[in-house]
J.: 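Take a look at the following structure, please.
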Amino acid sequence: ILNVEQSPQSLHVQEGDSTNFTCSFPSSNFYALHWYRWETAKSPEALFVMTLNGDEKKKGRISATLNTKEGYSYLYIKGSQPEDSATYLCALSGTASKLTFGTGTRLQVTL
Amino acid sequence: NAGVTQTPKFQVLKTGQSMTLQCAQDMNHNSMYWYRQDPGMGLRLIYYSASEGTTDKGEVPNGYNVSRLNKREFSLRLESAAPSQTSVYFCASSEAGLAGDRDTQYFGPGTRLTVL
């Protein structure tokens, strides 16, 4: 079983703050890393898939980087807004396209 | 396209009762998955079906069975429900088989199950 760890577990920021959180994973047997955004009472939605060391992906104010050699990925949110409040999950691809999820970072953005 | 649909949205069972959770996808995806989500535990894979006609155990399969009825549908059955199976259940699907391990999973809206 792959061990995917996310930190911090939760985060409170003010509107306009920039923030980032971390996903750590075993660097061997790497296939792909996924980031999902999960709003309360909804289902997880995919943000990014990254496969190559040094990959950077961006969607609006959200971006992610990947370091497969040291086994981590960062998710950045620039100028946080209340609508960014959600749990952010990372997941590692294994065999048969299974994903192993971390427990998530719960972000709360207040006015 | 409806994407991934799940029924029911909510269910309350008594210990020992059985039920089937239904999942269907209209994206012509090869692979389908069942997860449970518990506080502090993240999403844990119960069973998956890499392609039509195949099913495999995930991380927490005990107490569950699955059927991949056809390419569209993947059901999860609780034969004798226990309070420990109180959870939110998510079905997901992905293209897989074409893009290898680089595919994205699309999730249904979830089923909230309470076992008394």
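Chain A is the first sequence line, chain B the second, and so forth, proteins listed ahead of strands; every chain is numbered from 1.
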J.: If you count heavy-atom pairs under 4.5 Å with chain A, which of B:R112, B:R44, B:Q37 comes out on top?
T.: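 So the answer, after comparing B:R112, B:R44, B:Q37, is B:Q37.
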
J.: Does A:Y72 belong to the same Ile/Leu/Val/Met/Phe/Trp/Tyr cluster as A:L66, with side-chain heavy atoms less than 4.5 Å apart forming each link?
T.: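 Looking at the clustering, A:L66 is in a separate group from A:Y72.
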
J.: Surrounding CD of B:E79 (heavy atoms of other residues, nucleotides or ligands, distance under 6.0 Å), is the total greater than 12?
T.: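 Above 12, so yes.
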
J.: Counting heavy-atom pairs under 4.5 Å with chain B, which one of A:P44, A:G104, A:A41, A:A46 comes out on top?
T.: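 Sorted descending by pairs with chain B, the first entry is A:P44.
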
J.: Testing the basics here: between A:K98 and B:Y48, what is the closest heavy-atom pair and its distance to 0.1 Å?
T.: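 That closest heavy-atom pairing would be CD-CE2, 3.1 Å.
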
J.: Give a yes or no on whether B:M32 and B:Y89 share a hydrophobic cluster (residues Ile, Leu, Val, Met, Phe, Trp, Tyr; joining criterion: side-chain heavy atoms under 4.5 Å apart).
T.: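 Yes, same cluster.
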
J.: Can you name the nearest heavy-atom pair linking B:G108 to A:S43, along with the distance?
T.: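 Between these two residues, the closest heavy atoms are O-CB, 2.8 Å.
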
J.: Side-chain heavy atoms under 4.5 angstrom apart, residues restricted to Ile, Leu, Val, Met, Phe, Trp, Tyr: same cluster for A:I77 and A:L11?
T.: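 A:I77 and A:L11: one cluster.
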
J.: Nearest 0.5 Å please: distance from the CG atom of B:L43 over to the CG atom of A:L99.
T.: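 Separation between the atoms: 9.5 Å.
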
J.: For A:Y36, which residues count as a ring pair (Phe, Tyr, Trp, His ring centres under 6.0 Å) partner, sequence neighbours excluded?
T.: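 Result, ring pair (Phe, Tyr, Trp, His ring centres under 6.0 Å) vs A:Y36: A:F101, B:F107.
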
J.: Do A:F21 and A:V109 share a hydrophobic cluster (ILVMFWY, side-chain heavy atoms under 4.5 Å, transitive)?
T.: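 Linked within one cluster.
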
J.: Applying side chain to side chain contact (heavy atoms under 4.5 Å, CB included), run through B:T104 and A:F48 and close with a yes or a no.
T.: CA-CA 9 Å; B:T104 296; A:F48 306 116; over 6 Å; no

J.: In terms of heavy-atom proximity below 4.5 Å to chain B, should A:L33 be classed as side chain, backbone, both, or neither?
T.: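 The answer is neither part of A:L33.
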
